Amino acid sequence: MSRIFFTKTANISITTTSSKATLIQTRQRVPESPLREEQIVVYQVPRPDPLRGFINDAAEALTRHAHHDYGVVLSALFETWLQQDDACLGYDHPVIVNDGVLMSPSPIPAMDNPRMAMMPAIQIFGAARERRIYALPAYTPLANLAFVDLPASLKKVDTACCICGSSIHYLDNIGTSNTPHWVCSDSEACKERAHV
């Protein structure tokens with residue numbers, strides 16, 4: 001249905017192949033396919049500003065971003081990670097952008113965060129409820145947030161995809177807790193690996 005809508009209203013062609021698209025819309029994943037400079041990736045994120053969970057005042061949050069004043073966020077994250085057995089990175093994990101700005105690309109899994117670094121494509125993060133758009137220019141360096149005395153490791157399921165057999169890519173459970181059914185989160189890349 002959406003294909004017909006976009007084709008008629010915008011007079012554009014639709015594809016499900018990332019390498020052929022100029023505009024890629026995704027919710028929770030960074031495409032595994034290498035992207036190009038002429039492409040734009042649009043992510044749907046609920047709250048890309050990690051300060052907004054601690055500071056309700058938008059002007060105050062902007063001031064803190066300008067001064068790279070993230071003490072309240074860093075203290076809370078450090079305490080949370082310290083209480084865990086190991087500081088595994090799952091969802092809602094902030095990244096540090098090249099100039100020291102803190103950004104939260106949640107619900108993108110932390111395992112995907114490094115793929116956003118130095119991407120040739122422009123990346124746009126839309127937070128509809130906040131009516132805000134955040135963008136990362138092409139080739140922007142970024143890294144997962146970590147602490148010197150509390151290094152973090154990426155959370156990963158110790159199993160393989162039941163379609164392509166990959167055990168190194170991010171997997172989602174599409175089964176139940178009693179009968180897990182793990183598949184690659186990036187279905188396009190999974191099909192390519194499985195030659196489906």
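Computation of the quantities below employed the complete heavy-atom set of this structure, encompassing side-chain atoms and omitting hydrogens, waters and symmetry-equivalent molecules. Quantities reported herein were computed from a predicted structural model and do not represent experimental measurements.
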Practice task
Keeping the roles fixed (side chain from Gln39, backbone from Arg36), state whether a donor-acceptor pair exists under 3.5 Å.
Solution key: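 Yes: the side chain of Gln39 pairs with the backbone of Arg36.
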Problem - Exam field: side chain Thr15 to backbone Thr17, donor-acceptor pair closer than 3.5 Å - result: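 Such a contact is found between Thr15 side chain and Thr17 backbone.
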Mind checking the [atom1]-[atom2] spacing from [X] to [Y]? Nearest 0.5 Å is all I need.
X: Glu32; Y: Glu192; atom1: CD; atom2: CD; result: 9.0 Å
X: Ile122; Y: Glu38; atom1: CD1; atom2: CD; result: 10.5 Å
X: Lys191; Y: Asp186; atom1: NZ; atom2: CG; result: 10.5 Å
X: Ser18; Y: Ile24; atom1: OG; atom2: CD1; result: 4.5 Å
X: Met119; Y: Leu35; atom1: CE; atom2: CG; result: 5.0 Å

Can you name the closest pair of heavy atoms from [X] and [Y] and give their distance?
X: Ser166; Y: Cys184; value: CB-SG, 4.2 Å
X: Ala138; Y: Pro120; value: CB-O, 3.0 Å
X: Leu171; Y: Cys161; value: CD2-CB, 3.8 Å
X: Val41; Y: Thr26; value: CG1-CG2, 4.0 Å

Going by side-chain contact (heavy atoms from CB on, under 4.5 Å), name the residues that satisfy it together with [X], two or more places apart in sequence or in a different chain.
X: Pro180; value: Asn173, Trp182
X: Thr63; value: His67
X: Leu23; value: Ile40, Val42
X: Ala58; value: Arg52, Arg132

Exercise for the section: Tell me whether Ile133 is reachable from Val45 by hopping between hydrophobic residues (I, L, V, M, F, W, Y) whose side-chain heavy atoms are closer than 4.5 Å. Expected result: no
Practice task
Determine whether Ile124 and Leu136 fall in the same hydrophobic cluster, where Ile, Leu, Val, Met, Phe, Trp and Tyr are linked whenever their side-chain heavy atoms lie under 4.5 Å apart.
Solution key: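 No, it is not one cluster - the side chains of Ile124 and Leu136 are not joined through contacts under 4.5 Å.
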Problem - Any Met116 side-chain heavy atom under 4.5 Å of Ile108 side chain - result: yes
Handout entry: pair His181-Val183: side-chain heavy atoms closer than 4.5 Å
Key = yes
Handout entry: Residue list, salt bridge (charged side-chain N to carboxylate O under 4.0 Å, His left out) with Glu188, at least two apart or on another chain
Key = none
Problem - Results of salt bridge (charged side-chain N to carboxylate O under 4.0 Å, His left out) for Glu37 - residues two or more places apart only - result: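 Testing Glu37 for salt bridge (charged side-chain N to carboxylate O under 4.0 Å, His left out), a comparison that skips the adjacent residues, returns none.
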Exercise for the section: Hydrophobic side-chain clustering at under 4.5 Å (ILVMFWY, transitive links): who's grouped with Met118? Put none if nobody. Expected result: Tyr139
Problem - Results of side chain to side chain donor-acceptor pair (under 3.5 Å) for Arg29 - residues two or more places apart only - result: Asp112, Ser185
Problem - Results of ring pair (Phe, Tyr, Trp, His ring centres under 6.0 Å) for Tyr70 - residues two or more places apart only - result: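 For Tyr70, the residues satisfying ring pair (Phe, Tyr, Trp, His ring centres under 6.0 Å) (neighbours in sequence not counted) are His65.
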Handout entry: Given Leu102, Val72, Val73, the one that forms side-chain contact (heavy atoms from CB on, under 4.5 Å) with Arg64
Key = Val72
Exercise for the section: Any ring pair (Phe, Tyr, Trp, His ring centres under 6.0 Å) involving residues 40-60? Give me the pairs, sequence neighbours left out, ordered by first then second residue. Expected result: Tyr43-Phe125
